[in-house]
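Let me begin by presenting the structure, written as structure tokens, before commenting on it.
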Number of protein chains: 2
Amino acid sequence: MSVKHILLGVLSWAPNSGYGIKSEVEYYGRELGWGRVSFGSIYPQLKKLEHQGFIKTESAEEDGRKTKIYELTAKGWRELSNWLEQPPVFPEVRDELLMKLSFWDTGKPEDRELLMDHLELRRKETKQMLHHFEQWSTNGYSAISEIGGLEMDYLKDRLRFDMEWYERMIRQLERPPTSPRQDPRGLFKKASQRKKHAFSESKDMT
Amino acid sequence: MSVKHILLGVLSWAPNSGYGIKSEVEYYGRELGWGRVSFGSIYPQLKKLEHQGFIKTESAEEDGRKTKIYELTAKGWRELSNWLEQPPVFPEVRDELLMKLSFWDTGKPEDRELLMDHLELRRKETKQMLHHFEQWSTNGYSAISEIGGLEMDYLKDRLRFDMEWYERMIRQLERPPTSPRQDPRGLFKKASQRKKHAFSESKDMT
DNA sequence: TTTACCATGTAAAATGTTACATGATTAG
DNA sequence: CTAATCATGTAACATTTTACATGGTAAA
């Protein structure tokens, strides 16, 4: 249950509403490794957490704009602390770009320019993310602790590292294709044969 | 539907069984950005893909060991190719270590040694992953294409980059705590007050 | 006055994991 | 002979997103 701890964590920064939490996740979440959270999981989860006594409604304006501000209870602070104590599990990253890189040669060989487009897109997105990051780390408005600052330095450095690598890959693809580094069982040759065979078989059917 | 394309991709390397695909994902998946896949999603998905005509059963040993080997059809190759064409979406990373770093100061301040343990654990896991990686990139058995090799170089370099940063963070935590980089609205002070307040209130209840 | 933003909520669908059931083969 | 590995499958559960419904407020 990951969303639960994001909610408790964001509320540890300051009391907030469901909508407000969503904004925080939107603004900080991607870079800080929280991923994304939708309203459809925030609101039911907040209700559940309140029911379980981890958070309580601090104020609710019933008239006009109906905003419920939640705050952590003692039980909630303890729950957050307990979670922070647990050793963090190694993350499962599912990155479509990396997936495509690993299947490119058998699934779509030759088309190097298309792959360059993918890499260029990723490079741009990474650049934007870095800008967004640099903005809120220097706008003087966000609270940045010692540890949070360390995390930020790491993440900014990593975005720069990634950008350099995307550029390096693009430069490599600009050059003519080279043969595989190693192919002991002739997998790549076989793959193109299997592909041809599959298409020739399907033509027989027509 | 992410699992679908992992299955098609792995089958593009070579015909394989459900069990065999699971092994490939286990062995290569984490590093190559595929994440993990369980049998509970592989077998039903393979049936579905066969029903939809993307793959077909190439051979099935009915007697004794019942192994079904799947192979891509022309439709399957096309589907893989179409997917590879689509611009890859920027990944949503949910990393518990990063999450904990961003909530540490309000949720569990003071306890720097515990955080150092977390970082040390991650450093070790990263090191192991790098070793595993270096092994199969030099064992002479795995097929490595030009693009796959490029991806590997990137991922190995990134693991080394991460390890260095974890070490840097540990060294920082060995030093005495410093005050926040910036805290314009006094958030960190307020947080510790709110925490104290929550606990004093819960004591009144007893 | 209309667009953008603030604000909460629910139901259905998608996607996936965990846990179980079953049984063959191989290596120590 | 027994543990590990090979091999397939299902049902229940968990988690989360998507899409919808509803309505207030502020700025252009």
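Every value quoted in this text rests on a predicted model; they were computed, and no experiment measured them. Below, all heavy atoms of this structure are taken into account, side chains as well, without hydrogens, waters or symmetry copies. Throughout, protein chains are lettered first and strands after them, A, B, ... in sequence-line order, and every chain is numbered starting at 1.
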Query raised in the report: Given that Y70(B) and S38(A) both sit by DNA chain D, which one's nearest nucleotide is further toward the 5' end?
Result: Y70(B)
**Report entry** Set of ring pair (Phe, Tyr, Trp, His ring centres under 6.0 Å) partners for Y154(A), sequence neighbours left out
**Finding:** W165(B)
Query raised in the report: Between dC6(D) atom P and E24(B) atom CD, what is the distance in whole Å?
Result: 12 Å
Query raised in the report: Could you state the CD-P distance from Q45(A) to dT8(C), rounded to the nearest angstrom?
Result: 16 Å
Query raised in the report: Given dG16(C), is OP1 or OP2 found less than 4.0 Å from the side-chain N or O atoms of R94(A)?
Result: yes
Requested in this report: Return no unless some side-chain N or O of K47(A) is found under 4.0 Å from OP1 or OP2 of dT10(C).
Outcome: yes
Report summary line: Across all chains, not counting sequence neighbours, the side-chain contact (heavy atoms from CB on, under 4.5 Å) partners of P15(B) are R194(A), E58(B), I69(B), E71(B)
Query raised in the report: Has T67(B) got a side-chain N or O lying under 4.0 Å from the OP1 or OP2 atom of dA7(D)?
Result: yes
Query raised in the report: K22(B) has an atom NZ; how far is it from atom P of dT18(C), in whole Å?
Result: 9 Å
Query raised in the report: In degrees, rounded to 10°, what is the bend between the two ends of the helix from dT1(C)-dA28(D) to dG28(C)-dC1(D), using five pairs at each?
Result: 40°
Query - Spacing of CD1 belonging to I55(B) relative to CG belonging to L46(B), to within rounding of 0.5 Å - result: 4.5 Å
Query - Value in whole Å for how far the C1' atom of dA12(D) lies from CZ of F39(B) - result: 19 Å
Query raised in the report: Which whole-number value in Å describes the distance from I6(B) CD1 to dG16(C) C1'?
Result: 12 Å
Query raised in the report: Does S41(B) place a side-chain N or O at less than 4.0 Å from the phosphate oxygens OP1/OP2 of dT17(C)?
Result: yes
Query raised in the report: Just how far, in rounded Å, is C1' of dT8(D) from CD1 of I69(B)?
Result: 13 Å
Query raised in the report: Looking at CG of D105(B) and CD1 of I144(A), how far apart are the two atoms once the value is rounded to the nearest 0.5 Å?
Result: 11.5 Å
Report summary line: Closest to the side chain of Y43(B), out of dA7(C), dT10(D), dT16(D), is dT10(D)
Requested in this report: Answer yes or no: is there an ion pair linking K56(A) with E201(B), defined by an N-O contact shorter than 4.0 Å?
Outcome: yes
Query - Below 4.0 Å: OP1/OP2 of dG9(C) and any side-chain N or O of K68(A) - result: yes
Query raised in the report: Are E120(B) and R123(B) within salt-bridge range, i.e. N to O under 4.0 Å?
Result: yes
Report summary line: Per the under-4.0 Å heavy-atom filter, residues of residues 9-19 of chain B near DNA chain D come out as S17(B), G18(B), Y19(B)
Atom pairs and distances, side-chain donor-acceptor, residues 126-136 of chain B, under 3.5 Å, sequence neighbours left out:
| residue | atom | partner | partner atom | Å |
| --- | --- | --- | --- | --- |
| T126(B) | OG1 | R122(B) | O | 2.6 |
| H132(B) | ND1 | E31(B) | OE2 | 3.1 |
| E134(B) | OE2 | R160(B) | NH2 | 3.3 |

Query raised in the report: Which whole-number value in Å describes the distance from R36(B) CZ to dT15(C) C1'?
Result: 18 Å
Query raised in the report: Which residue pairs satisfy the side-chain hydrogen bond (donor to acceptor under 3.5 Å, both in side chains) criterion with at least one member in residues 11-23 of chain B, sequence neighbours excluded?
Result: T106(A)-S12(B)
Report task. Please confirm whether the backbone N or O of E146(B) pairs with a side-chain atom of R181(A), one donor and one acceptor, at under 3.5 Å? Result -> no
**Report entry** R185(B) NZ/CZ over Y141(A) ring centroid, <6.0 Å and within 45° of normal
**Finding:** yes
Report summary line: When rounded to whole Å, the NZ to C1' distance for the pair K66(A) and dC6(C) reads 10 Å
